[in-house]
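Have a look at the structure below, then the notes.
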Amino acid sequence: MFNYLEYIRESNFPHIWCAGCGDGIILKALIRAIDKLGMSRDESVMVSGIGCSSRTPGYMDINTLHTTHGRALPFATGVKLANPDLKVIVITGDGDATAIGGNHFIHAARRNIDLTVLLYNNYIYGMTGGQCSPMTPVGSKASTAQHGNLEPSFNTSGLAIAAGASFVARTDVYHVQQCEKFISKALQKKGFSLVEIMTPCPTAYGRRNKMANPVTMMEWLKDNMVPVAKYDKMTDQEREGKVSAGILCDIDKAEFTAEYDKLIKKVRTE
Amino acid sequence: MENDSSGQIRMMQGNQACAEGALAAGCRFFAGYPITPSSEIAEHLSVALPKLGGKFIQMEDEIAAMGAIIGASLAGMKSLTATSGPGFSLKQENIGYAGMAEVPCVVINVMRGGPSTGMPTLPAQMDVQQARWGSHGDRGVIVLVADSAQESYEQTIRAFNLAEKYMTPVILLLDEIVGHTTEKVIIPERSEYEIIDRKKPDLPPDKYLPYRETEDLIPVLATFGTGYKYNVTGLCHNETGFPTNDPAIIGAQIKRLTDKIIIHKKDIIRNRMVMLEDAEIAIFAYGSVARSARSALAKCREAGIKAGLFQPTVLWPFPEDDIREVAGRVKGFVVPEMNMGQMAREVERACRRDTPVHRLNRVDGQPITPGEIVDLIKGVV
Amino acid sequence: MERYEIRLSGSGGQGLILAGKILAEAAAIYEGLNAVQTQSYGPEARGGASKAEVVISDGEIEYPKAIELDLLLALTQESCLKYSSDLKKGGILIIDSSFVKELPKGDFRIYSAPINEIAVDKVGKAVVTNIVALGILTKISKVISEDSVKKAILARVPKGTEELNMKAFDEGFKAGEELLS
C-alpha cells in the first residue's frame, strides 16, 4: 500500500474537512502524482487562498503559503517569478478563484506563467456556510440563494482556455485515477495549467439540493461527468445537467518566466 | 557592483531616487500597478531591474502587486511596490498579511489628495493615519517619510533595512511634491550606508520553528527552496506557523506583533531637530512641509522669534517621548500639515494638553508656504 | 546668486516639464548651482493647464516651489493671465505673441516673440517649441550660460534629434538677441 505518511504533516490531523467531502481524495491524488514524478518537495511550494480547498497545503509536508482570499495566484506569481526553479502549485476553490480572485485567474492564465492550479469546484462556499458562488448552477439553492440561484455560472475551464492557459483539464473525485493522471500532466506542463476538479460538498451544497447523502453526491459525479469526446457530440438537450470531463486544452507556447529570463539575457548583453 | 554610480551627483525626481535607493538596498523584485503620482518608480525599475538580473512585473491590480511582492520576498528577493492613495487603500489587506506573517517588504506611497480619486496630480499628506491603521487588526508598524530626493534615496535604503531587520512590511511616504521634485542627489559611497539582510535559520530543518519566540521578538523565516519546509499563513498561528485556536498562543502572538516594534523604537525612530535648543515655539513638520518649515524658521529667526523645527523622519512608531521632552521646554507647537490635522492629534496626545498645539491645515492640493507658517507663528507669539 | 524663480507655463504636451528639467540640470550640473524643478499638471496627459517651476540658488533651496517669480514664460493666453500677477516687481515676462493677445498690466518687462511660429517655420517642427523658448529665456534672463543650457539639452533629448534641438535653441537665442537690441 502507498505510504502517504511520508508526505503529510501528521501533527495537523485530523483535518477540518467534513465526512463525505472530496477534498481529501484530491490531496491523496496529488500526493501520488508528486511521488510518481519524484518531485523535490524542498523545491516545491504550495500556495492557496481561503476556503476549505485552501486548507490542503497545511496537510502536506512541503513549502506552504496560505494567503488571503482570492489572492493565491498573485502570491504564487511572486514566488515563481522570484525563483523560477521552484515548482509552484496553487490550490483554490470555485469561490476563491472565480469570484474574489477572478481577475487574477484570468491574468495568470493570460501571462501563461508556469503554475499548476488545482481548482476544487464544489459549487458552493463550504467553509463560510453554503453561500452561492459563481459556479453554483442556476436553480440550485444556497444560503444566499434560498429561492434558487438566478445567476448563470462560469465555464471556468473555458475561461482559462480563452485567457491563454497552456493546459486545461476537468475531472472529478469519483474518477480518481483520471484525477491523478490529469494532476500529473498538469505538473509536468510548462505554462499555466489548470485542473478543475469536481468535488462534493454534502454539508453545504448537498443538504440544500436533495443530495445530503455523500453517496448520492458521488453517484451524481459518476452519472453526470461525461468524457469530452462524447459530450461534444451531444445535443444541447442531452447536455442538460451534464459536465464534460477530459483534457480540454494542451498546447505548447511561450511561458512567462522563461521569456523573462530571455529578456534579462538580452538587456544584459546590450 | 554593476550599477555602481556612487559618489556621483545626479539630478533626479524623488520618485526616481526611491527606485535608485531600492536598487542600492539590494531590491531585485518590483510588482506594481500604474497610478499617479507614483508611476515613475515603476517605470524606472522596469528598465533597471532586468539589467541587474532582477524582476519587474506590472500586475493586474494593486492587490495583486502587493501579493506578488510578499511571494517574491518569501522566495528570497528583497521586494518593493509603489502606489498612491487609492492604490494604498486597495493594498491594505495584503499589507496586513505581510504584518501577520512577518514577511519583509517595502511599500512606497506617494501621497495625493483624497478621499476617493480626489486629486491625482496634487500633493497631500492625508494617508499618514492610513499608513498606521489602514489594515484591519492590531500590530506595530514602521512608517518612514521623506522630504527631498536625497532623503527619498536614503529612506528607501533604510526602509529595506528595517523591513529585513524587523521582519515586517515597511511603508515609506512621499508626497506628490517630493515625488515630482527634481533636484540634486549625491549618491553615497557604498561604505557610507549599511545594508541589512534578514537572518537565516541557524538550526537544521527538523529543529526549525519559524515563529519561535526569541528575545528580540523577531522571527527567522527561511527562504522557500532552501530545505526548510514550513507554513506561512495569515491566520493566527503558533511557533510552527500552523493555525491555532489556543487563546493563550493567539494573545501572545498578536501582542508580540506590536511589542516587536515598540521594544525597538529607539533603534527605529529618528528625528531631525533644527534650532530647538533655545526655541520658544516648535514647528512639527514632515515631508515637503518640513521644507516650508525650514524656510519659515529662517524668516522667524530674522524677525527675532525663537522658533525651532521638530522633523520626524519616522512617523510610526510615533516619537512620543521626544515630543514630550521638547514640549516641556517650549511655549507651544505649530503643526502645519496637508491634511485636516492627522499628526497634530498625535502631537497633542504626546503633549498631554500641557503645551498648546496650533494647527495649520491645507487640503486644497496646494503646498503650505513658508509665509503661512510664519504668519501663524507670529499670531501665536 | 540669491533665489531666482522661473515658471514655464502653457498647456499639457508642450514639453514644459522637460524644459524645466533641462534648465534645472543646466544650473545644477553644469553651473554648480543648486536647482530644484517642480511641476504641476492636470490629470490629462495632453491639454489642460501645465506649469513647470525651476528655483535656482547658490544656497540651499528649502521651499521648492516658486512664490515670487523672477521670470514667467507663458505660451498660452490663459497661463499668461493666470500667473502674471505672481511676477515680482521688475520681473521678466516672456510670451508667445501668436497665442497671447491680451497683455497683462503690471510692473514687469514683457518680451514678446512668435515662439511656436519660430519652431514651425524656422526649425521645421512644432515639437521643439519648448527648446526655442529655452533659447529666448537663456538670452533674456542671463541666469545660466548658453553653453550650460546647450549641454543640458544634449544630455536630455533623444538620440538623433541633437541637431534639430540645437537649431531650435539657436533660433530662440537669436530671437532673444533681437528682443534685447
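First the proteins, then the strands, lettered A, B, ... as listed; each starts at 1.
Using a 4.5 Å cut-off between heavy atoms, A:Arg55 touches chain B through its side chain atoms alone. Proximity to chain B (any heavy atom under 4.5 Å) is shown, for A:Asp85, by neither the backbone nor the side chain. Only the side chain of B:Met77 comes within contact range of chain A, judged by heavy atoms closer than 4.5 Å. At a 4.5 Å heavy-atom cutoff, B:Ile69 makes no contact with chain A through either its backbone or its side chain. If you measure heavy-atom distances from B:Phe29 to chain A, the contacts under 4.5 Å come from the side chain alone. Heavy atoms of B:Tyr228 lying under 4.5 Å from chain A belong exclusively to its backbone.
Within 6.0 Å of CD on A:Glu259 lie more than 12 heavy atoms contributed by other residues, nucleotides or ligands. Annotation for A:Lys28: atom NZ does not count as buried by contact number, only 12 or fewer foreign heavy atoms lying within 6.0 Å. For B:Asn245, the CG atom counts as loosely surrounded, since its 6.0 Å shell holds 12 or fewer non-hydrogen atoms of other residues, nucleotides or ligands. The environment of CZ in A:Phe154 is sparse: at most 12 heavy-atom neighbours from other residues, nucleotides or ligands sit within 6.0 Å. Residue-environment remark: NZ (A:Lys253) exceeds the threshold of 12 foreign heavy atoms within 6.0 Å.
Taking the side chain as every heavy atom from C-beta outward, B:Phe242 and A:Arg9 approach each other to under 4.5 Å.
Pairing each heavy atom of B:Lys229 with each of A:Asn63, the nearest pair is CA-OD1, 3.5 Å. The heavy-atom pair separating B:Gly54 from A:Tyr260 by the smallest distance is O-CE2, 3.6 Å.
Counting heavy-atom pairs closer than 4.5 Å to chain B, the top residue among A:Leu65, A:Asn83, A:Val267 is A:Leu65. If you tally non-hydrogen atom pairs under 4.5 Å between each of B:Pro243, B:Gly96, B:Gly71 and chain A, the highest count goes to B:Gly71. Counting heavy-atom pairs under 4.5 Å between each of A:Val47, A:Leu73, A:Asp61, A:Leu81 and chain B puts A:Leu81 at the top. Taking B:Ile57, B:Thr226, B:Leu74 one by one and counting their heavy-atom pairs under 4.5 Å with chain A, the maximum is reached by B:Ile57. Taking B:Ala65, B:Ala75, B:Ala68, B:Gly227 one by one and counting their heavy-atom pairs under 4.5 Å with chain A, the maximum is reached by B:Ala68. Considering only heavy-atom pairs separated by less than 4.5 Å from chain B, the leading option among A:Asn103, A:Leu263, A:Leu86, A:Asp42 is A:Asp42.
With rounding to the nearest 0.5 angstrom, the OG1 atom of A:Thr67 is 7.5 Å from the CG atom of B:Asn94. The distance from atom CD of B:Glu93 to atom NE2 of A:His69, rounded to the nearest 0.5 Å, is 9.0 Å. Between A:His66 atom NE2 and B:Asn231 atom CG the span is 8.0 Å, to the nearest 0.5 Å.
Remark: side-chain polar atoms of A:Arg268 are paired, donor with acceptor, to backbone N or O of B:Lys51 under 3.5 angstrom.
The pair B:Glu60-A:Arg111 counts as a salt bridge, with a side-chain nitrogen and a carboxylate oxygen less than 4.0 angstrom apart.
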Audit row: B:Tyr230, A:Thr64, side chain to side chain contact (heavy atoms under 4.5 Å, CB included) steps and yes/no | CA-CA 6 Å; B:Tyr230 68 106; A:Thr64 52; over 6 Å; no
Give the intermediate values and the outcome of side chain to side chain contact (heavy atoms under 4.5 Å, CB included) for residues B:Lys55 and A:Thr257.
-> CA-CA 10 Å; B:Lys55 305 288 173 67; A:Thr257 61; 5.8 Å; no
Please walk me through it: do A:His107 and B:Asp61 pass side chain to side chain contact (heavy atoms under 4.5 Å, CB included)?
-> CA-CA 10 Å; A:His107 288 277; B:Asp61 60 33; over 6 Å; no
